[in-house]
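Since the structure comes first, as structure tokens, the remarks are kept for the end.
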Amino acid sequence: MTQTTAAPAPAYRDLHRLMSLMTGDEKHGPAATSTLDALWVLYDRVLRVSPQTVDAPDRDRFLLSKGHGPMAYYAVLAAHGFFDEELLAGFGSYESPLGHHPDRLLVPGAEIGSGSLGHGLPLAVGTALGLRAQGLTGPRVWVLTGDAELDEGSNHEAIAYAAPAGLDRLHTVVIDNASASYGRPGGIADRFGTAGWSVASVDGRDHAELYAAFTAPHPGQPRAVVARVAPKR
């Protein structure tokens with residue numbers, strides 16, 4: 001009888017080793033590590049997508065709008081088997097598919113090419129609308145953006161549109177690492193709340209808080225989770 005050994009389950013403790021494989025001057029370390037915990041909880045416990053279902057019509061869609069410093073994103077994808085971890089050592093090199101900004105045509109599992117500020121949330125709105133137009137009511141759309149990225153006007157148009165359009169399959173995770181130049185009256189959560197979104201504000205390093213916020217019911221409303229973090233250096 002031939003016996004096979006199952007691949008070990010991915011573990012959070014592996015991420016720092018995986019991230020250490022990526023070197024270079026353009027890695028934007030603090031920006032990357034500020035997203036690490038939210039990305040891990042999403043891919044490990046929330047998103048309905050896997051290496052085997054990256055093209056399945058009913059998969060969840062995850063859009064990384066915060067495309068600067070995608071080291072954490074690449075580490076999480078590698079940990080979950082979307083590509084071999086050996087690719088990480090070539091991060092940012094000419095021959096590597098893992099660029100300083102993710103490319104959806106090169107990175108397995110990436111839904112969009114990102115890095116230009118302000119694009120991800122409008123694209124997520126369009127994705128949610130497109131899925132609804134196709135009658136695909138099961139897939140959820142998630143987008144991760146940064147606090148400073150919300151200074152871009154295209155995001156505010158998307159925020160204002162999503163709730164009246166009834167896009168309750170849309171979820172936004174805002175990584176608030178206090179990098180924005182300008183504050184907002186009432187804070188980031190209030191900006192979404194006044195536009196009709198269901199909102200939670202959590203500790204962006206606390207996996208239990210993140211999971212609870214990501215999975216809380218929000219019937220009839222898009223969902224925004226503001227994850228407050230102090231970047232690891």
Side-chain angles (χ1 to χ4, degrees), residues 7-24 26-56 59-92 96-115 120 124 139-146 149 171-177 202-211 213-215 225 227 229 231-233:
Y12 178 78
R13 63 178 178 272
D14 295 330
L15 296 183
H16 295 285
R17 176 185 64 82
L18 294 172
M19 289 184 69
S20 72
L21 300 176
M22 292 174 274
T23 60
E26 300 296 329
K27 60 186 181 181
H28 296 284
T33 54
S34 68
T35 69
L36 187 62
D37 296 276
L39 285 168
W40 175 259
V41 173
L42 281 171
Y43 273 91
D44 197 56
R45 302 174 63 186
V46 177
L47 291 174
R48 296 189 294 255
V49 65
S50 70
Q52 292 74 39
T53 62
V54 290
D55 296 317
R59 73 189 184 279
D60 285 346
R61 274 71 167 173
F62 173 78
L63 284 60
L64 180 70
S65 187
K66 188 177 170 67
H68 292 283
M71 294 170 60
Y73 183 49
Y74 293 157
V76 170
L77 288 176
H80 285 85
F82 285 84
F83 54 80
D84 196 296
E85 70 175 68
E86 292 180 0
L87 288 178
L88 297 175
F91 167 69
S96 176
L98 307 182
H100 294 130
H101 294 168
D103 186 327
R104 71 178 184 86
L105 299 178
L106 299 177
V107 179
E111 295 282 355
I112 60 170
S114 60
R140 300 167 300 178
V141 180
W142 293 80
V143 57
L144 186 147
T145 184
E149 192 176 356
H171 306 73
T172 299
V173 182
V174 182
I175 302 298
D176 181 8
N177 56 11
V202 300
D203 179 346
R205 302 293 187 198
D206 188 312
H207 291 195
E209 283 193 28
L210 287 165
Y211 179 73
F214 290 163
T215 56
V225 176
V229 298
K232 297 177 182 178
R233 299 181 184 273

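Quick note: residue numbers are just sequence positions, from 1.
Rounding to the nearest 0.5 Å places CZ of Arg104 at 10.5 Å from CG of Leu63. Atom CD of Glu111 sits about 9.5 Å away from atom CG of Asp60, to the nearest 0.5 Å. Atom OH in Tyr73 sits 6.0 Å away from atom CG in Leu64 (nearest 0.5 Å). In this structure, Thr23 OG1 and Phe91 CZ are separated by 8.5 Å, a value rounded to the nearest 0.5 Å. Here His16 contributes atom NE2 and Thr33 contributes atom OG1; the two are 8.5 Å apart, rounded to the nearest 0.5 Å.
Closest approach of Val229 to Ser34, counting heavy atoms only: CG2-CB, 3.7 Å. When every heavy atom of Pro10 is checked against every heavy atom of Ala79, the shortest pair comes out as CB-O, 3.1 Å. Heavy-atom minimum distance, Leu210 versus Gly204: CD1-O, 3.6 Å. Residues Arg59 and Val54 approach most closely at NE-O, 3.0 Å, considering heavy atoms.
With a 4.5 Å cut-off on side-chain heavy atoms, Met19 and Leu36 count as touching.
Aromatic ring pairs are classed by plane angle as parallel below 30°, tilted from 30° to 60° and perpendicular above 60°; the pair His171 and Trp142 is parallel. Ring geometry for Tyr74 against Phe83 counts as perpendicular: the plane angle is over 60°, on a 0 to 90° scale with 30° as the lower cut.
Side-chain atoms of Tyr12 and Asp37 include a donor-acceptor pair closer than 3.5 Å.
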